[in-house]
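Since the structure is predicted, the reported quantities are computational estimates derived from the model, not experimental observations. All ligand and atom numbering here is 1-based and tracks the order in the structure.
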Amino acid sequence: MKIFLDTADVDKIRALSATGLVDGITTNPTLIMKAGRDHKQAIIEICKLVKGPVSVEGIGNTAEELVKDAREFAKWAPNIVAKVPMTAEGLKAVRILEKEGIPTNVTLVFSAGQALMVAKAGASYCSPFVGRLDDVSESGMHLIEEILDIYDAYEFETQVIVASVRSPTHVVEAAKMGAHIATVPPEIFEKLFKHPLTDKGIEQFAKDYAAAAKGAKNK
Ligand code: E4P
């Protein structure tokens, strides 16, 4: 399973990609705004740090506008993926861009019907937002299960990016279901390494190591 970072924070990406475990990046206009950086400059830096796919989102409404934005983004680096919204116009743009060799990631997917259309349009990636579904008392992870069943049944090549991840549990559940990718905020990525018993064990072993060394010295 691949893990992407869902952020445009270049310092965080630099630090966390040093683990060798960051397989790609997803961004959106909100994340760019939070990073407080020039969009193009931030994306170019990110693409140098991470060799995997980097999703970049524009704000066009029509297929024509979305294609124009995506063609511009694709010039910035070889690993750019054009993020397009889950609309009929977005899917028209997907067909054009994929034919041109520009990979697409369809974002803001909230139903299995939408995910089916994404795959039929030939998108490289489909991003269902699990956290935002949980927020409105629907099951985000149930949607992932449905999408994976449909994609498996027809051997669609579109990869599922589990997005809007709010906890390590979302990631583990996604992995158990066989989702291709989870894109996670940096805090969740860091939490995936942690367990209180690991910390406690390390502390105890360090104490015992020192005590053993002291004991050997006194013999
Ligand atoms: C995915 O590509 C989106 O950037 C992201 O996961 C949105 O998550 P949010 O619901 O936390 O804003």
Side-chain angles (χ1 to χ4, degrees), residues 1-10 12-13 16-17 22-37 39 42-43 46-47 49-50 52-60 66 69-70 73-74 76-77 79-87 90-91 93-94 97 102-111 114-115 117-119 121 123-144 147-148 158-175 177 179-192:
M1 185 200 195
K2 290 189 174 157
I3 299 187
F4 291 2
L5 285 180
D6 193 29
T7 184
D9 182 332
V10 177
K12 277 277 175 199
I13 292 171
L16 297 178
S17 60
V22 174
D23 300 305
I25 303 290
T26 51
T27 65
N28 64 39
T30 308
L31 295 170
I32 293 287
M33 179 199 70
K34 281 187 188 156
R37 296 277 314 272
H39 190 191
I43 296 295
I46 292 169
C47 288
L49 289 169
V50 176
V54 175
S55 289
V56 183
E57 188 167 348
I59 45 150
L66 292 162
D69 275 357
F73 300 151
W76 297 352
N79 48 337
I80 294 281
V81 172
K83 225 178 180 190
V84 303
M86 177 51 239
T87 58
L91 296 192
V94 164
L97 293 166
I102 300 174
T104 58
N105 172 4
V106 180
T107 188
L108 293 163
V109 170
F110 292 97
S111 77
Q114 289 180 322
M117 300 311 256
V118 171
S124 297
Y125 304 97
C126 171
S127 289
F129 278 34
V130 296
R132 292 193 195 186
L133 274 176
D134 292 353
D135 290 345
V136 295
S137 304
E138 286 185 44
S139 168
M141 292 318 297
H142 177 66
L143 173 62
I144 300 301
I147 297 173
L148 290 171
T158 304
Q159 295 192 40
V160 175
I161 304 182
V162 178
S164 184
V165 163
R166 301 277 160 80
S167 69
T169 309
H170 273 150
V171 182
V172 172
E173 283 180 22
M177 288 174 192
H180 308 85
I181 302 154
T183 187
V184 307
E187 329 63 272
I188 304 298
F189 185 85
E190 284 164 339
K191 279 187 185 169
L192 283 164

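With a 4.5 Å cut-off on side-chain heavy atoms, Val130 and Arg166 do not count as touching. Residues His170 and Val162 have side chains not in contact (no heavy-atom distance under 4.5 Å, counting atoms from C-beta outward). With contacts defined as side-chain heavy-atom distances shorter than 4.5 Å, the pair Lys34/Thr7 does not qualify.
Of the options Asp6, Thr30, Leu133, the smallest heavy-atom separation from atom 5 (C) of ligand 1 is shown by Asp6.
Of all protein heavy atoms, the one lying nearest to atom 7 (C) of ligand 1 is Phe129 CE2, 3.5 Å. Protein heavy atom closest to atom 11 (O) of ligand 1, with residue, atom name and distance, is Arg166 NH2, 3.6 Å. The nearest heavy-atom contact from the protein to atom 8 (O) of ligand 1 is Ser164 CA, 3.3 Å. The protein heavy-atom contact nearest to atom 12 (O) of ligand 1 is Arg132 NH2, 2.7 Å.
Less than 4.0 angstrom separates some heavy atom of Thr26 from each of these atoms of ligand 1: 2 (O).
In terms of N/O distances under 3.5 Å, ligand 1 is approached by Lys83. Geometrically, ligand 1 and Asn28 share a nitrogen or oxygen pair separated by less than 3.5 Å. Among the atoms of Thr183, none of the N or O lies under 3.5 angstrom from an N or O of ligand 1.
The line from OG of Ser55 to OH of Tyr125 is 7.5 Å long, rounded to the nearest 0.5 Å. To the nearest 0.5 Å, atoms NE2 (His39) and CZ (Phe73) are separated by 5.0 Å. In this structure, the separation between CD1 on Ile25 and OG1 on Thr183 is 7.5 Å, given to the nearest 0.5 Å.
With a heavy-atom cut-off of 4.0 Å, Ala163 touches ligand 1 through backbone and side chain alike.
Considering Val109, Val106, Ile59, Leu66 as possible partners of Pro85, the one that fulfils the side chain to side chain contact (heavy atoms under 4.5 Å, CB included) test is Leu66.
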